[in-house]
Amino acid sequence: KSHPGQVCFPGGRQEEADNGDVVLTALRETKEEVGMDHDRIDPICKWRSIESVNGLYVTPVVGRIKDPFNIHSDLTLCPREVEAAFAVPHSSQMHPIMLPN
């Protein structure tokens with residue numbers, strides 16, 4: 001857990017097997033961290049890369065989890081990296097203050 005106590009999305013360092021593709025990296029990291037298979041996710045878009053406060057460059061990738069989805073039965077959390085998971089309604093993310101410029 002490199003960011004203890006913080007709320008984070010799955011993510012991590014790109015590996016050679018990702019072939020330089022940030023979407024493949026995001027899908028692989030999601031599988032590793034929360035156990036969600038790639039075929040359960042529809043990638044929608046990627047946002048521009050930003051530099052984190054730690055000096056790392058992050059490229060957010062947005063995807064939609066296919067229905068039906070149950071947070072308790074459809075995720076297998078990696079205990080070394082993830083303490084807990086929770087769901088947030090899509091509508092809360094669409095508030096104008098949450099949208100990128």
Side-chain angles (χ1 to χ4, degrees):
K1 296 179 188 173
S2 58
H3 303 283
Q6 295 180 2
V7 174
C8 302
F9 292 103
R13 188 175 309 274
Q14 195 167 68
E15 296 180 359
E16 189 174 324
D18 300 327
N19 296 317
D21 186 328
V22 296
V23 174
L24 290 178
T25 302
L27 292 171
R28 178 185 51 74
E29 287 287 341
T30 300
K31 173 68 175 171
E32 290 177 6
E33 295 181 19
V34 298
M36 182 168 289
D37 289 325
H38 304 163
D39 61 353
R40 297 281 324 217
I41 303 169
D42 284 327
I44 296 171
C45 67
K46 60 183 179 181
W47 290 352
R48 64 179 164 78
S49 297
I50 55 173
E51 186 175 3
S52 74
V53 295
N54 300 331
L56 303 173
Y57 281 89
V58 177
T59 305
V61 175
V62 179
R64 180 178 103 35
I65 300 171
K66 296 176 185 175
D67 288 330
F69 173 71
N70 181 302
I71 194 168
H72 302 292
S73 61
D74 291 341
L75 299 181
T76 304
L77 306 182
C78 173
R80 291 184 325 277
E81 299 194 49
V82 180
E83 183 176 324
F86 59 92
V88 177
H90 177 262
S91 60
S92 70
Q93 300 302 304
M94 298 310 293
H95 189 281
I97 199 167
M98 298 298 291
L99 299 175
N101 295 331

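The first residue in the sequence is number 1, and the count goes up from there.
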Distance from [X] atom [atom1] to [Y] atom [atom2], nearest 0.5 Å?
X: I41; Y: R64; atom1: CD1; atom2: CZ; result: 11.0 Å
X: K46; Y: T25; atom1: NZ; atom2: OG1; result: 10.0 Å
X: E33; Y: K31; atom1: CD; atom2: NZ; result: 13.0 Å
X: I65; Y: M36; atom1: CD1; atom2: CE; result: 4.0 Å
X: R13; Y: L56; atom1: CZ; atom2: CG; result: 7.0 Å

note = Which of D39, D37, D42 passes salt bridge (charged side-chain N to carboxylate O under 4.0 Å, His left out) with K66? Answer is D42
Of all heavy-atom pairs between [X] and [Y], which one has the smallest distance, and what is that distance?
X: E32; Y: C78; answer: O-CB, 3.5 Å
X: D74; Y: F69; answer: OD2-CA, 3.3 Å
X: L75; Y: A85; answer: CD1-CB, 3.9 Å
X: N70; Y: H72; answer: OD1-N, 2.7 Å

query = Got V61 and F9 here, is their nearest side-chain heavy-atom distance under 4.5 Å?
reply = no
message = Under 4.5 Å between side-chain heavy atoms, counting indirect links through other Ile/Leu/Val/Met/Phe/Trp/Tyr residues: same cluster for V62 and L24 or not?
response = no
query = When Ile, Leu, Val, Met, Phe, Trp and Tyr are grouped by side-chain heavy atoms lying under 4.5 Å apart, directly or through other members, which residues fall in the same group as I50?
reply = V58
